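Basis for what follows: all heavy atoms, side chains included, without hydrogens, waters or symmetry-related copies. Read the numbers this way: they start at 1 and go in the same order the structure lists the ligands and their atoms. Everything numeric here is computed off the predicted structure, so don't read it as measured data.
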Amino acid sequence: MGDSWHRERGKRPRVVVKLGSAVLTHPRRGLREEVIGETAEQLANLGAGRVRDVIVVSSGAIAAGRKALGLTGTLSLSRKQAAAAAGQPLLMEAWTRSLSRRGLQAAQVLLTHEDIASRSRYLAARDTFEALLEAGAVPVVNENDTVATAEIRMGDNDHLAALVALMLHADHLFLLTDTDGLFTADPHRDPTARRIPILGPADLVEDQQAGQSHRGSPGSGGMASKIRAARLAARFGIPVTVARGDRERCLEDLLAGKDLGTRVLPLSDRPPPSRQVWIATARRPVGEIRLDAGAVLALTVRGKSLLPAGVEEVRGEFRAGDLVRLRGPGGEDLGVGITGWDAVSLIEGKGTHRDRRRELVKAGLPPEVVHRDDWSPPYPGDSEEGT
Ligand code: GLU
């Protein structure tokens with residue numbers, strides 16, 4: 001793997017390691033403690049040598065709790081949440097025990113979508129992570145499934161792991177699962193499927209065959225979500241490896257450069273400023289603002305904010321503080337921004353509606369629609385999904 005997972009030569013990297021339910025749990029026996037034990041062993045070795053900080057993102061709460069509560073079949077949302085409530089302490093107990101046997105202190109971090117979407121909560125979570133890492137602890141992260149409702153669930157831990165890696169400026173993200181990486185077809189069903197050793201981020205198209213998750217997988221992830229998460233991290237400069245997590249010494253071998261799994265190369269090695277990354281990744285845009293040619297120039301070339309006079313068209317219903325997509329007069333993508341104006345006021349005060357605009361600003365609306373600090377320009381590989 002050479003230097004590609006070191007952002008700077010000689011610097012000991014910070015890595016995020018995500019283990020999915022497929023590798024951490026057994027359909028009947030619940031948690032596979034031996035995998036947790038083996039991973040903890042490797043993390044301890046890495047921490048003593050090559051790697052500076054390790055952050056674990058661990059699935060498995062729902063699968064462990066389902067077994068503990070004796071819940072079978074397809075579970076309703078509230079039963080899944082009940083299973084997570086019972087399973088999360090079992091999962092943490094296993095991590096705590098395994099890590100402490102190797103002299104490491106586990107620390108549980110449960111996150112919800114709001115903790116990422118709200119800037120102040122995001123920064124607070126980031127500070128907590130930094131304090132834990134500084135104290136030498138291993139954060140073990142999961143989604144707070146018990147309180148997350150269907151609409152606002154982060155959805156899968158692959159996505160969560162990518163967001164955590166971005167939040168902490170990780171040097172590498174490992175997505176560990178029960179297959180040897182990404183394949184040209186589903187290896188569980190097609191014997192001719194070949195492993196893809198290396199992918200450029202532009203190759204990460206979602207409908208690629210490797211994107212089919214295999215049936216019977218207990219997690220919510222599957223390969224499609226790994227591809228999405230890898231693309232997200234790689235787009236903002238973080239290299240990703242998708243590999244089998246229940247092989248002995250898998251992390252050590254991957255870090256030593258053995259040809260295992262699939263490596264996804266980052267799109268650029270100079271990640272954008274962290275506030276821009278947060279704006280572009282934490283939420284989805286709920287509306288769209290079209291700019292006139294002058295406003296495009298002001299924003300993209302002259303370093304100015306977007307003012308209501310430069311707004312030509314407003315689409316969707318949004319409130320102040322929401323994320324919106326910005327477009328030029330011909331529909332060209334100008335990235336996303338946090339709007340200081342709600343859609344109704346903006347329709348009244350945009351473009352040539354000078355007098356109404358004056359009244360609205362007097363009544364308390366900010367002079368800018370999108371302040372330039374609240375704008376994140378488009379990045380190569382931007383899927384325009386706002387993810
Ligand atoms: N948070 C879920 C759990 O711990 C896992 C979600 C996923 O597999 O992506 O069971």
Side chain proximity check, Ser345 to Leu365, heavy atoms < 4.5 angstrom: yes
Asp145 N/O under 3.5 Å from ligand 1 N/O: yes
From Thr25, Ile62, Leu110 - option closest to atom 10 (O) of ligand 1 by heavy atom: Ile62
Any N/O pair Gly60/ligand 1 closer than 3.5 Å: yes
Sub-3.5 Å N/O-N/O distance, Asp156 and ligand 1: no
Donor-acceptor side-chain pairing of Gln108 and Gln88 below 3.5 angstrom: yes
CZ (Arg79) with more than 12 external heavy atoms under 6.0 Å: no
Ionic contact status for Asp158 with Lys226, cut-off 4.0 Å: yes
Residues in side-chain contact (heavy atoms from CB on, under 4.5 Å) contact with Ala44, at least two apart in sequence or another chain: Arg102, Leu104
Numbering as shown, the atoms of ligand 1 that approach Ser21 to under 4.0 Å (heavy-atom distance): 8 (O)
N/O separation below 3.5 Å, Leu91 to ligand 1: no
Contact (N/O only, under 3.5 Å) between Asn157 and ligand 1: yes
Per-atom contacts of ligand 1 with Ser59, taking only distances under 4.0 Å to non-hydrogen atoms: 4 (O), 5 (C), 7 (C), 8 (O)
Inter- and intrachain pairs under side-chain hydrogen bond (donor to acceptor under 3.5 Å, both in side chains), touching residues 368-378, at least two apart: Arg275-Asp374
